[in-house]
Amino acid sequence: MNIFDQYLNKIKNVLLDLSKNGNIVLPEIMDGITTEIPPAHFKSDISTNVAMVLSKANNKSPLDLANILVKAIKEKDELIDNISVVKPGFINIKFKPIFWTMFVKEIIKNSDNYGINTNEKKQKYLIEFVSANPTGPLHVGHSRGAILGDVIANILLFNKHKVSREYYVNDYGNQIINFTKSVYLRIREILFKEPFPLDNENLYPGDYLISFAENIIKFNKEIDFNNFDEISEKLTTLSIDESLKLIKKNLKSLGVNHDNFFSEKKLVSDNEVEKVIDFLKKKNFVYKGKIKKPEGDNNENWVEREQLLFKSTDFGDDKDRALQKTDGTWTYFASDVAYHKNKLDRKFDQLINILGADHAGYIKRISSSVEALSNSREKLTCKVSQLVKLIKDKKPFKMSKRKGDYITVDDLINEVGKDATRFIMLNRSSDVELDFDFDSVVEKSKDNPLYYVQYSYARISSVFRHLKKDLKSDIKIDKYDFRYSEDEITILKKISEWPKCIDISSKKLEPHRIPTFLYELASLFHSYWNLGKENPDKRFINEQKKITNAKLIFLKSISTVIKSGMDLVGVSTPEKM
RNA sequence: GCGCCUGUAGCUCAAUUGGAUAGAGCGCUUGGCUACGGACCAGGAGGUUCUGGGUUCAACUCCUAGCAGGCGCACCA
């Protein structure tokens, strides 16, 4: 039930009628015609730009054309109170109060589905996110991408698409070798009292490796840890398992659930990399060649070498990309191409990748490969989550990989909790750097939008509690013979924008619009609530300790939107705070 | 040198996928609590949307040339 879509269709039908009768000329494409939310001071409910879009084709001024259209639109619609033409050529529609009564009725009849976009073609999505190296716990930067991906998935699921959440496990390559060596040295430290070499840059110095080592020793008594070469393969598996256990725990504490963990190592051992390179060779996208040194690059150590390259420049990349290292092993990129081939072979309609800001430069390369594999530019969408700037005691908190100097997801959850973390991380567009201020996030006040929204839900709950009614159960009303006041309609109008908000969030993959919307709705609700102090008519519970049907379903409608929005964000809506 | 992201009120950010008089919070300031929970509300001040061109009936939004900040740029992942 999207009143903006509904009226867009009505208007298009009016246009078709008028053009059949020869009254107006229609262009071939009617894409530019929209229905929108008029600015508040116009005191109307829906506006459309139709007259401005069609004025040229009709050789009439937008205002003249609008006047013709206005008559035709109003003629067919008993719910319109007033329809007017404004300056550049906008048509503004104001509904009769009964429109809003009917509107609430629709929501109440099917409150679980309110906001869902029913027009969209249902698709099968694969969203890959987090995919952090399995070499240690997740930190704050990962959590933003994790939440972003999770909520995008929630929104797509809400719109009845099929979605699979996937984590690509980079369990192959040099980093894993270094990681396993680090675990091994921690084991030797415990068993043979050999101090861990903290000065080696290739090793992982983090304290968490000590507990990895302890666990591995404890549960693998049969292993002889004296000779690394003999146990390296086994130890690699065990070490990665330890990491993944920790990562999964971190994800769980953030409320993030992946459907699938996809192993890079398995991809390589199944020869999927060779297969995809053959595939691309046949299409002439792979060749042996040399990469030129970038201009202006001061690196003196540049070595030009011949290697297997992917022709990503054919797709707009600034250089071709290496697939194979000199030692014969695959580059990260090569196996990632194979991974994306695998995704495509699993018949997903759309692929979404969530990347951290530090990997943004990688997008061109991987999207080029997907285009080469699928002949489509639209198959893959990459979203970047920008940096999180931590602020503590009003000062920026610098993270470095050196021991004890970076904040993990565990720290974050322990300090501010899951709900606040999710809400605040999502409250800003993923394109902008995020200031994450520990002090204000923890504060239970108006500084914290999470509590502001939750509080509105708690207030609604308290009314139902007083009336001994259940907010969650369905409400049945016999007669919709009441009319809402202007104050109430202001809120109902906001509620009518909810499907539009979902729609845009979903199409643009911009979930930050949801917390923003919820905040605005909560704000309107709090204003209304306070009107009840001066004016008893605005109170929900009257002097006989009863509530009218009108107010009952009014509250129910508000709570429906708040609840489903908060569910999408993945935070709780407590009935008492 | 190149690529990506950002630039909007003193600060942190929105802006209905090109719409009308650019909106919130914080801060500043003036008011409102014997309550359906004040974790709230009402009012005020505060803007050349980084700059210059262009496209359009309409530009914070799109194109282009700059400026500033961030991130990245080999066989790492």
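Within every chain, numbering begins at 1; the chains are lettered A, B, ... in the order of the sequence lines, protein sequences first and strands thereafter.
Atom pair A:D487:CG and B:A42:C1' shows a separation of 13 Å (rounding to whole Å applied). Taking atom CG on A:N353 and atom C1' on B:A77, their separation rounds to 15 Å, with Å as the unit. Between the P atom of B:C4 and the CD1 atom of A:I366 lies a distance of 18 Å, rounded to the nearest Å. The CD atom of A:Q454 sits 13 Å away from the P atom of B:C40 (whole-angstrom rounding). Atom CG in A:L267 sits about 14 Å away from atom P in B:A77, given to the nearest Å. Rounded to whole Å, the distance from CD on A:Q175 to P on B:C76 is 10 Å. Rounded to whole angstrom, the span from the CH2 atom of A:W330 across to the C1' atom of B:C76 amounts to 18 Å.
A 3.5 Å limit on both hydrogen-bonding distances identifies B:U51 as the Watson-Crick or G-U partner of B:A65. Remark: B:G38 base-pairs with no nucleotide; criterion is Watson-Crick or G-U wobble with both hydrogen-bond distances under 3.5 Å. Nucleotide B:A58 is matched to nothing when pairs are restricted to Watson-Crick or G-U wobble geometry with both distances under 3.5 angstrom. Pairing partner, B:G18: none, since no Watson-Crick or wobble contact has both distances short of 3.5 Å. The partner of B:G3 is B:C71, by the rule that a Watson-Crick or G-U pair needs both atom distances under 3.5 Å.
A donor-acceptor contact under 3.5 Å is formed by the side chain of A:N49 with the base of B:G19. Contact of A:N92 with B:A20 (side chain to base): a donor-acceptor pair of N or O atoms is detected under 3.5 Å.
Comparing A:S44 and A:S131, the nucleotide of RNA chain B nearest to each residue sits closer to the 5' end for A:S44.
Within residues 456-468 of chain A, the residues having any heavy atom closer than 4.0 Å to RNA chain B are, in order of number, A:A458, A:R459, A:S462, A:V463, A:H466. Non-hydrogen atoms lying under 4.0 Å from RNA chain B are contributed by nothing in residues 543-557 of chain A.
Base contact: A:G532 has a heavy atom under 4.0 Å from a base atom. No contact: A:N542 has no heavy atom under 4.0 Å from any strand. Among the atoms of the strands shown, base atoms are found under 4.0 Å from some heavy atom of A:E575. At the heavy-atom level, A:L387 lies under 4.0 Å from the strands shown only through sugar-phosphate atoms. Residue contacts shown for A:H41 include a base, since a base heavy atom lies under 4.0 Å away. Using a 4.0 Å heavy-atom criterion, one finds that A:R365 contacts the bases of the nucleic acid, with or without backbone contacts as well. Residue contacts for A:F4: at a heavy-atom cut-off of 4.0 Å it reaches no nucleic acid atom on any strand shown.
Within the 4.0 Å cut-off from OP1 or OP2 of B:A24, not a single side-chain nitrogen or oxygen of A:S523 is found. For the pair A:K87 and B:U21, the criterion of a side-chain N or O lying under 4.0 Å from OP1 or OP2 is met. In this model, the phosphate group of B:G38 is approached by a side-chain N or O of A:W529 to a distance below 4.0 Å at OP1 or OP2. OP1 or OP2 of B:G38 lies within a sub-4.0 Å distance of a side-chain N or O belonging to A:Y455. Residue A:Y362 has no polar side-chain atom (N or O) positioned under 4.0 Å from OP1 or OP2 of B:C71.
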Table of protein N/O atoms under 3.5 Å from nucleotides 61-64 of chain B N/O atoms:
none

Short N/O separations, protein against nucleotides 54-60 of chain B, under 3.5 angstrom:
{"residue": "B:C57", "atom": "OP1", "partner": "A:K56", "partner atom": "NZ", "Å": "2.6"}

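Residues A:F540 and A:F464 keep their aromatic ring centres 6.0 Å or farther apart. Between A:F95 and A:Y7, the gap from one ring centroid to the other is short of 6.0 Å. Side-chain rings of A:Y519 and A:Y452 approach one another, their centers coming within less than 6.0 Å.
Nearest to the side chain of A:N170, among B:U17, B:C40, B:A77, sits B:A77.
The stretch residues 512-533 of chain A participates, sequence neighbours left out, in these salt bridge (Lys or Arg N to Asp or Glu O under 4.0 Å) pairs: A:K494-A:E520, A:E510-A:R513.
Between A:E486 and the options A:K493, A:K538, A:K43, A:K94, a salt bridge (charged side-chain N to carboxylate O under 4.0 Å, His left out) holds for only A:K94. When each of A:W330, A:F262, A:Y332 is paired with A:Y339, the ring pair (Phe, Tyr, Trp, His ring centres under 6.0 Å) condition holds for A:F262 and for no other.
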What do the steps show when you test A:N542 against A:I547 for side-chain contact (heavy atoms from CB on, under 4.5 Å), and what is the final call?
-> CA-CA 6 Å; A:N542 60 25; A:I547 188 169; over 6 Å; no
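In this structure, A:F554 and A:Y484 have tilted ring planes: the angle between them lies in the 30° to 60° band.
Rounding to the nearest 0.5 Å places NZ of A:K319 at 11.5 Å from CG of A:L309.
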Once each nucleotide of nucleotides 9-15 of chain B is scored for protein heavy atoms under 4.0 Å, what B/S/- sequence comes out, 5' to 3'?
-> ---BSSS
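Side-chain contact between A:L308 and A:K288 is present, with at least one heavy-atom pair separated by less than 4.5 Å.
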